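Structure first, then comments.
Reminder, nothing fancy here: chain letters follow the sequence lines and each chain counts from 1. This one's a predicted model, so the numbers in the text were calculated from it and none came from an experiment.
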There are 2 protein chains.
Amino acid sequence: MSHTSGGVRQAQKEQTRQALLDAGLRLLDRQSLSSLGLREVTRAVGVAPAAFYRHFPDMAALGVALVGEALGSLHAVIRDVMSDGLDAERLIDRTVAITAAYVDEHRAHIRFIARERYGGVQPVRAAIAAELGRFTDEVAAGLAPQPVSRGWSPDDLRVLAGLYVDHMVLTAAAMMEVPEDDPAARAEVMRAARLRMQIISVGRSHWAEHRA
Amino acid sequence: MSHTSGGVRQAQKEQTRQALLDAGLRLLDRQSLSSLGLREVTRAVGVAPAAFYRHFPDMAALGVALVGEALGSLHAVIRDVMSDGLDAERLIDRTVAITAAYVDEHRAHIRFIARERYGGVQPVRAAIAAELGRFTDEVAAGLAPQPVSRGWSPDDLRVLAGLYVDHMVLTAAAMMEVPEDDPAARAEVMRAARLRMQIISVGRSHWAEHRA
DNA sequence: AGTTTGGGATAACACTTGTTCACTGAGTAC
DNA sequence: GTACTCAGTGAACAAGTGTTATCCCAAACT
């Protein structure tokens with residue numbers, strides 16, 4: 001029937017591939033990728049160890065695939081947040097709120113990213129760095145047309161965007177260290193996140209007069 | 001002779017303990033703690049596997065000891081940097097330069113901290129968080145008496161201090177991703193680090209008028 | 001209908017792992 | 001000088017690991 005991606009065959013393969021990814025992600029909640037065993041994953045899926053190789057050459061490849069899953073869907077979110085022209089204050093509130101919501105919805109994925117960003121497996125680190133670099137570009141592109149960005153060189157704008165991105169990742173990581181059922185601690189993390197963004201934002205808007 | 005810590009015995013024990021730490025740190029250059037094997041470490045030292053237990057109950061304990069080694073000596077540096085009352089601009093230059101130098105001198109230790117800060121071994125993560133928390137307190141204490149800090153609540157000052165500390169750690173981590181023999185990339189990382197600190201610093205000094 | 005394809009199973013390979021136990025032999029205390 | 005302490009040994013334990021070769025059988029192609 002369908003000429004592309006048609007066939008029960010391919011669908012079944014995709015299904016166990018996804019099962020491997022899901023099981024891997026679940027197991028990675030309590031350990032890091034470099035200590036995750038191939039057999040451990042296949043056992044969790046209920047499949048023979050050798051079957052793993054039909055989908056990934058090694059664990060690092062599974063990790064890279066997980067990076068795609070975790071960060072791929074975030075581009076739309078960023079574009080969305082940056083597009084509507086709210087004033088600085090409301091934009092910060094919205095960004096922090098969305099970050100918090102995203103962490104809640106994709107807890108395992110975000111934890112994985114935080115763990116492996118500077119973790120032991122090089123290809124995974126590289127994949128995360130590449131994806132975050134793309135985020136930085138997008139944020140920089142969103143920042144550029146704003147009036148406050150007058151006088152900023154593209155290079156400096158990218159540094160600023162990187163600061164925002166790093167800050168977002170740090171906030172997400174901090175949010176995860178906090179127990180889910182401690183709303184007070186959660187609120188404190190969010191307060192700190194907002195305050196940090198505000199400081200940066202004020203620094204940005206007074207940048208010109210400081211440079212003068 | 002000496003009544004305290006005297007004895008060839010204790011000295012020899014301390015020596016192999018240190019050898020274990022050194023070997024562990026060396027092996028951790030290319031992997032993360034959760035995948036580092038006990039036998040791997042003892043083999044590197046040239047000692048029987050069982051000997052490990054005379055010094056550490058498990059790998060996590062060795063990791064915690066490494067955290068102490070890596071971050072313990074940094075308190076003095078922080079105090080030192082913050083004490084002399086340079087103007088903001090020179091202080092930033094100095095901070096970035098010192099961070100770069102520290103990374104060069106303690107590459108393995110810093111890499112270990114970056115890896116394990118959000119890594120897989122809980123006690124180690126906790127130890128790092130505790131140490132960084134102490135740094136944050138020290139920085140906050142150093143910030144408080146400065147004239148620019150008028151109108152800042154202690155809580156907000158701590159958030160600001162945390163921002164500086166996180167920024168320092170991020171800079172150190174970024175410096176490590178750069179190949180040692182690429183001075184151009186190195187310079188770019190340092191430029192970005194300075195710029196970020198400057199933005200934060202400007203935000204801080206204009207905070208009051210923004211709040212009004 | 002007959003042939004090919006390829007995801008998955010099974011079983012075996014050669015290691016590596018953490019942990020235990022009784023032991024040895026220098027360093028220490030009396 | 002004798003008795004004690006204890007860091008390090010060597011051997012054995014029961015699991016665990018990644019990887020390979022061979023086979024099976026349903027889906028896909030012709």
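Atom CG of B:L36 is separated from atom CZ of B:R30 by 14.5 Å, given to the nearest 0.5 angstrom. Taken from CG in B:L38 to CG in B:L62, the straight-line distance is 9.5 Å, to the nearest 0.5 Å.
In this structure, A:R134 pairs ionically with A:E131, as a charged nitrogen and a carboxylate oxygen lie closer than 4.0 Å. Using a cut-off of 4.0 Å between Lys/Arg side-chain N and Asp/Glu carboxylate O, B:E116 and B:R125 are scored as not salt-bridged. Salt bridge A:D80/A:R94: present, at least one basic N to carboxylate O contact under 4.0 Å. Using a 4.0 Å cut-off between a side-chain N of Lys or Arg and a carboxylate O of Asp or Glu, A:R196 and B:D156 do not qualify as a salt bridge. Using a 4.0 Å cut-off between a side-chain N of Lys or Arg and a carboxylate O of Asp or Glu, A:D22 and A:R17 do not qualify as a salt bridge. Looking at A:R186 and A:D104, a side-chain N of the basic residue comes within less than 4.0 Å of a carboxylate O on the acidic one, giving a salt bridge. A:R43 and A:E40 are not joined by a salt bridge, as no carboxylate oxygen comes within less than 4.0 angstrom of a charged side-chain nitrogen.
Atom C1' of nucleotide D:dA27 and atom CD of A:E14 are separated by 17 Å, given to the nearest angstrom. Nucleotide D:dA27 holds its P atom 13 Å from the CD atom of A:Q15, rounded to whole Å. Separating the CZ atom of A:F56 from the C1' atom of D:dT19 is a distance of 18 Å, rounded to the nearest angstrom. Look at CD on B:Q18: it is 13 Å from P on D:dG8, rounded to the nearest Å. In this structure, B:F52 atom CZ and C:dT16 atom C1' are separated by 16 Å, rounded to whole Å. Rounded to whole Å, atom P of D:dC25 lies 21 Å from atom NZ of A:K13. In this structure, the CG atom of B:D58 is 11 Å from the P atom of C:dG18, given to the nearest Å.
Applying the 4.0 Å criterion to OP1 and OP2 of D:dG8, one finds that B:T16 has a side-chain N or O inside that range.
The aromatic rings of A:H109 and A:H106 are tilted relative to each other, their planes meeting at an angle between 30° and 60°.
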Secondary-structure notation, DNA chain C, from Watson-Crick and G-U pairs under 3.5 angstrom (| other strand)
||||||||||||.||||.||||||||.|||

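Between the side chains of B:T16 and B:R54, no donor-acceptor pair is found at a separation under 3.5 Å.
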List every contact pair, protein side and nucleotides 12-17 of chain D side both N or O, where the distance is under 3.5 Å.
{"unit_1": "D:dT17", "atom_1": "OP2", "unit_2": "A:R43", "atom_2": "NH2", "d": "2.7"}

Measure all distances between protein nitrogen or oxygen atoms and nitrogen or oxygen atoms of nucleotides 20-27 of chain C, and list the pairs falling under 3.5 Å.
{"unit_1": "C:dG27", "atom_1": "O3'", "unit_2": "B:R9", "atom_2": "N", "d": "3.3"}

